[in-house]
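Sequence positions, counted from 1, serve as the residue numbers for this chain. Note that the coordinates shown come from a computational prediction; the quantities given were computed from them, not determined experimentally.
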Amino acid sequence: MFTIQTHAGRVGQSFHAPTSWSAASALMSEHSSDATVAGGATYLMWRAALGEPMPEHLISLHRITDHDEVRDGSVGALATLRRVERGPMLGAQRALTMAASVTAGPSVRSLATVGGNLASGFPQADLVPALLALDATVHFSDGRTLPIGQVVESGFKTEDLIARVTHDLPSGQGWTGATLKLSRRGMDFSIATVSTVLRLEKGEIQEARVAVGSLFERPTRLPAIESALLGADPSEETIREVLEYVKITGKSFLEDDEATASYRQLIAPVAVRRTLLAAARLGPDGVPRPGEARM
């Protein structure tokens, strides 16, 4: 037993580095509520810096192999956000690639993992809106799968270990995606994150998925806006009219140190409009400019 010390302070007393999912699950069962799982441990170190009590046992997943792939349609839970932001830039998955590119700074993205971002349960977790827009499936280490919407709504059990996330929207077939994030500065938490995935055909929106993060207590899809967009042309005039007609309401806007609830309510339709226009402009084959994912 030894104290794990980081720049953020004490993290725990015992360090474990299993080399398989079964070994990690066994450690979680053995230590139960006295243990925490980490990929890059960036969220854990942030919590330690705030003085929150840390579990006695830290179970690091970094030695588990073959779950860090970044492919069109499949992303391993142990893939770093740096790898994701350098991944596929086309089609629907562009929404996830752009989301990863605006999470914290390069040093954090080099450590933080897809699984950790999803499992944090943090309202400002930047990848979750993109995963919702992709209608992703979450694969657990024990072979179970759940739709991302159910995972976000219900949360995780202590023993859940995410192995990968997948979606069935490969490049082509008219799919396009984009994510835009508004924050005060690059390293700050998000004030609003919007991800959208569209299927365009003959100048019209045939399918639309719009998800937001940081606006409410948890990331969510906006089904009323998605329905209103069907059959519309993706011009600024039309999208502006849709968002004037269909308001983003029904939930209490989040109020925290980053922004007031009233400001979030004001900025929400602007953020959604800009993200929809970005996805439409990029189309299936466009590559976003450096920094385009920031508002």
Side-chain angles (χ1 to χ4, degrees), residues 91-103 123-136 148-149 152 169 175-184 189-200 204-256 258-283 286 288-289 291-295:
Q93 188 152 327
R94 187 193 302 116
L96 186 63
T97 305
M98 292 178 73
S101 74
V102 289
T103 300
Q124 290 92 345
D126 293 317
L127 298 192
V128 179
L131 293 172
L132 283 169
L134 288 165
D135 205 13
I148 182 65
V152 172
L169 304 177
W175 288 102
T176 177
T179 294
L180 297 186
K181 173 181 175 177
L182 173 66
S183 61
R184 294 184 182 183
F189 292 130
S190 170
I191 294 172
T193 301
V194 182
S195 295
T196 186
V197 170
L198 307 174
R199 185 169 68 85
L200 304 176
E204 291 185 352
I205 299 173
Q206 298 299 316
E207 294 186 55
R209 302 172 183 177
V210 183
V212 296
S214 303
L215 291 180
F216 308 111
E217 191 61 35
R218 60 171 62 96
T220 187
R221 292 266 293 268
L222 301 178
I225 291 176
E226 293 174 352
S227 298
L229 287 168
L230 298 182
D233 71 274
S235 66
E236 180 166 6
E237 180 181 3
T238 299
I239 290 174
R240 189 183 292 272
E241 288 178 358
V242 167
L243 294 174
E244 288 176 353
Y245 178 72
V246 183
K247 303 296 183 182
I248 303 174
T249 58
K251 295 185 178 182
S252 298
F253 283 87
L254 185 66
E255 181 141 2
D256 58 17
E258 302 303 318
T260 63
S262 60
Y263 181 73
R264 281 189 163 96
Q265 185 173 13
L266 179 68
I267 200 67
V270 178
V272 171
R273 184 181 77 245
R274 290 186 180 182
T275 309
L276 287 166
L277 289 172
R281 181 187 64 79
L282 288 166
R289 300 182 299 271
E292 187 172 353
R294 290 196 181 276
M295 281 188 280

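Among all heavy-atom pairs drawn from Val197 and Ala95, the shortest one is CG2-CB, 4.3 Å. Ala130 approaches Ala99 most closely through the heavy-atom pair CB-CB, 4.1 Å. Nearest heavy atom pair, residue Ala208 against residue Leu198, reads CB-CD2, 3.7 Å. Between Ala293 and Ser101, the shortest heavy-atom distance links the atoms CB-OG, 3.9 Å. Across all their heavy atoms, Ile148 and Leu131 have their closest contact at CG2-O, 3.5 Å. Annotation for Ala192 and Ile267: closest pair CB-CG2, 4.5 Å, computed over non-hydrogen atoms.
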Please test Val102 against Thr193 for side chain to side chain contact (heavy atoms under 4.5 Å, CB included), starting from the C-alpha separation and ending with a verdict.
CA-CA 10 Å; Val102 289; Thr193 301; over 6 Å; no

Output, in order, the C-alpha distance, side-chain angles, deciding distance and verdict of side chain to side chain contact (heavy atoms under 4.5 Å, CB included) for Met98 and Ser195.
CA-CA 9 Å; Met98 292 178 73; Ser195 295; over 6 Å; no

Are Ile248 and Arg264 close enough, and set up right, to give a side chain to side chain contact (heavy atoms under 4.5 Å, CB included), and what steps lead you there?
CA-CA 11 Å; Ile248 303 174; Arg264 281 189 163 96; over 6 Å; no

Is there a side chain to side chain contact (heavy atoms under 4.5 Å, CB included) between Thr275 and Thr179 once you walk through the steps?
CA-CA 6 Å; Thr275 309; Thr179 294; 5.6 Å; no

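For the pair Val128 and Arg218, the minimum side-chain heavy-atom distance is 4.5 Å or more. The closest side-chain heavy-atom distance from Leu169 to Glu207 is not below 4.5 Å. Inter-residue side-chain proximity for Leu276 and Val242 is flagged as unmet; no heavy-atom pair is nearer than 4.5 Å. Residues Gln93 and Trp175 are not in side-chain contact: their nearest non-hydrogen atoms beyond the backbone lie 4.5 Å or more apart. Side-chain atoms of Ile191 and Arg184, non-hydrogen and from C-beta on, do get closer than 4.5 Å to each other.
For Arg274, the side-chain contact (heavy atoms from CB on, under 4.5 Å) partners at least two apart in sequence or on another chain are Leu180, Val270, Met295. With sequence neighbours excluded, the residues forming a salt bridge (charged side-chain N to carboxylate O under 4.0 Å, His left out) with Arg281 are Glu292, listed by chain and number. Applying the salt bridge (charged side-chain N to carboxylate O under 4.0 Å, His left out) rule to Glu258 yields no partners; only residues at least two apart in sequence or on another chain are considered.
Separating the CD1 atom in Ile205 from the CZ atom in Arg199 is a distance of 11.5 Å, to the nearest 0.5 Å. With rounding to the nearest 0.5 Å, the separation of CG in Leu127 from CG in Leu132 is 11.0 Å.
Checking side-chain atoms of Thr176 against main-chain N and O of Gly283 turns up a donor-acceptor pair under 3.5 Å. The closest donor-acceptor contact from the side chain of Arg94 to the backbone of Ala178 lies at 3.5 Å or more, if one exists at all. Remark: side-chain polar atoms of Thr238 are not paired, donor with acceptor, to backbone N or O of Pro234 under 3.5 angstrom.
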